[in-house]
Number of protein chains: 2
Amino acid sequence: MKSQSAEESRIAQLCVEHGLKMTGQRRVIARVLSDADDHPDVEELYRRASALDSRISVATVYRTVRLLEEKGILERRDFGGGRARYEATEGGRHHYHLIDVDNGKVIEFEDPEHEELMRRVAERLGFDFVSMRLELFGKKRPQSQKAAKPATRSSKKGSAE
Amino acid sequence: MKSQSAEESRIAQLCVEHGLKMTGQRRVIARVLSDADDHPDVEELYRRASALDSRISVATVYRTVRLLEEKGILERRDFGGGRARYEATEGGRHHYHLIDVDNGKVIEFEDPEHEELMRRVAERLGFDFVSMRLELFGKKRPQSQKAAKPATRSSKKGSAE
DNA sequence: CTATATGCAAAGATTTTGCGGCGAA
DNA sequence: TTCGCCGCAAAATCTTTGCATATAG
């Protein structure tokens, strides 16, 4: 969802700043991550990366997301379903996730005062705030339309939201 | 959290209320869960349950926690490390978790106004609040000795907390 | 040139499931 | 008696790793 240009993607730049070698594969994965505005799991990242360059293996995707997570460039999410999902770390404001318990859809929302609140909590407990994870689960309020689909717990091929 | 008596554990009672058969194994697992004041993973639950009754298999533990989670009796947590951890759903106030990024220790904290805040967020987005998950990651502040010591307990490396 | 990365496949780790037998209600 | 539950082990997932080769810096 960002610059489709030929220049380095935002995440590729971060990789360089962190002293990582920019191989072809890594550059492609970085671009996929930079362009994503959802929360793809490894399988989905692999699919998207493969579409751009077929010389990429899943192992590399796993190694890359792991590395980027360690560097703080990526954040891992768990929305249930057993697979880790990733999204780029944001610089300033964070956003959180509301998961529709009926269909697993993820809605992002912001809450500016939230992080400040958590910083204070951390401080009160004697910690420096590093990051946070907030997931809200809700049921769509039945005001206007469609009946909720059964809460399918085993979405094998959900890909991303 | 601690009725070591011969009567049904709190969770066992909930099982009955939900129409589940109370087999010997299930009763033991229910007791282990009722007595736990940490966040055991399946392996740890299996260990504790086995100590009370050796005729229990891991498969049953997996099946049980899954069932109880579906019934809303248990909540699954993900503190990183790849394994799901469980804790009993609380009736009234909720507590949240602060994870020490340096050693993985988990500290519980409360924040009464928090749930109300989240209820309002959900409402604003057109949802009814179902539940939430909040994990805060922090680094222990080295400086001020007077920093409030966490009034909660923490854990060990391997199995639970 | 050397430290990193990668592919591939095998190994790990965690969780689920098929099936025959058992037991709670 | 009936239907749910259990143990066992195989299988399904998801993720990591050993090793030989390739390549960025």
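Just so you know, these numbers use all the heavy atoms, side chains as well, and skip hydrogens, waters and symmetry mates. First the proteins, then the strands, lettered A, B, ... as listed; each starts at 1.
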Enquirer: By the ring-ring contact (aromatic ring centres under 6.0 Å, His included) test, which pairs, at least two apart or in different chains, include something from residues 42-68 of chain A?
Expert: none
Enquirer: What is the distance, to the nearest angstrom, from the CD atom on B:E44 to the P atom on C:dT14?
Expert: 13 Å
Enquirer: N/O contacts under 3.5 Å, protein versus nucleotides 18-20 of chain C?
Expert:
{"unit_1": "C:dG18", "atom_1": "O6", "unit_2": "B:R63", "atom_2": "NH1", "d": "3.4"}

Enquirer: Can you give each donor-acceptor pair under 3.5 Å made by side-chain atoms of residues 14-21 of chain A, sequence neighbours left out, with the distance rounded to 0.1 Å?
Expert:
none

Enquirer: Using atom CZ of B:R66 as one end and atom C1' of D:dC6 as the other, report the distance to the nearest whole Å.
Expert: 16 Å
Enquirer: State which residues pass side chain to side chain donor-acceptor pair (under 3.5 Å) with A:R120; sequence neighbours excluded, sorted by chain then number.
Expert: none
Enquirer: Specify the separation, in whole Å, of atom CD1 of B:I29 and atom P of D:dC5.
Expert: 12 Å
Enquirer: Do any pairs count as a ring-ring contact (aromatic ring centres under 6.0 Å, His included) and have a residue in residues 101-124 of chain A, sequence neighbours left out, and if so which ones?
Expert: A:Y96-A:F109, A:Y96-A:H114, A:H114-B:H114
Enquirer: Which donor-acceptor pairs under 3.5 Å do side chains of residues 66-77 of chain A form with protein atoms, sequence neighbours excluded?
Expert:
{"unit_1": "A:E69", "atom_1": "OE1", "unit_2": "A:R76", "atom_2": "NE", "d": "3.3"}
{"unit_1": "A:E69", "atom_1": "OE1", "unit_2": "A:R76", "atom_2": "NH2", "d": "2.9"}
{"unit_1": "A:E69", "atom_1": "OE2", "unit_2": "A:R76", "atom_2": "NE", "d": "3.4"}
{"unit_1": "A:E69", "atom_1": "OE2", "unit_2": "A:R76", "atom_2": "NH2", "d": "3.4"}
{"unit_1": "A:E75", "atom_1": "OE1", "unit_2": "A:R77", "atom_2": "NH2", "d": "2.6"}
{"unit_1": "A:R77", "atom_1": "NE", "unit_2": "A:E87", "atom_2": "OE2", "d": "2.7"}
{"unit_1": "A:R77", "atom_1": "NH2", "unit_2": "A:E87", "atom_2": "OE2", "d": "3.3"}

Enquirer: Starting from the 5' end of DNA chain C, give me the residue, B:V58 or A:G19, whose nearest nucleotide shows up first.
Expert: A:G19
Enquirer: Just to verify, what does A:T89 make a side chain to side chain donor-acceptor pair (under 3.5 Å) with, not counting sequence neighbours?
Expert: none
Enquirer: Write down the distance between CD (B:E69) and P (C:dT16), rounded to a whole number of angstrom.
Expert: 9 Å
Enquirer: Considering only nitrogen or oxygen atoms on both sides, find all protein atoms under 3.5 Å from nucleotides 22-24 of chain D and state each distance.
Expert:
{"unit_1": "D:dA24", "atom_1": "N3", "unit_2": "A:K21", "atom_2": "NZ", "d": "2.9"}

Enquirer: Within the structure, does a side-chain N or O atom of A:Y62 lie under 4.0 Å from either OP1 or OP2 of D:dT15?
Expert: yes
Enquirer: Run the side-chain contact (heavy atoms from CB on, under 4.5 Å) test against B:A51 and tell me which residues pass, sequence neighbours left out.
Expert: none
Enquirer: Could you state the CZ-P distance from A:R76 to D:dT15, rounded to the nearest angstrom?
Expert: 8 Å
Enquirer: Are the side chain of A:R141 and the backbone N or O of B:E123 linked by a donor-acceptor pair below 3.5 Å?
Expert: yes
Enquirer: Residues in side-chain contact (heavy atoms from CB on, under 4.5 Å) with A:A30, at least two apart?
Expert: A:S9, A:I11, A:A12
Enquirer: Estimate the overall bend of the helix from C:dC1-D:dG25 to C:dA25-D:dT1 from the end axes over five pairs each, rounded to 10 degrees.
Expert: 50°
Enquirer: Using a strict threshold of under 4.0 Å (side-chain N to carboxylate O), is an ion pair present between A:E44 and A:R48?
Expert: yes
Enquirer: By salt bridge (Lys or Arg N to Asp or Glu O under 4.0 Å), which residues pair with A:R133, not counting sequence neighbours?
Expert: B:D78, B:E135
Enquirer: In whole angstroms, how far is the P atom of D:dC6 from the CG atom of B:D53?
Expert: 12 Å
Enquirer: Can you measure A:D41 atom CG to D:dT13 atom P for me and round it to whole angstrom units?
Expert: 14 Å
Enquirer: Picking from C:dT6, C:dT14, D:dC6, which would you name as closest to the side chain of B:R26?
Expert: D:dC6
Enquirer: Calculate the interatomic distance between B:E17 atom CD and C:dA25 atom C1'; express it in whole Å.
Expert: 18 Å
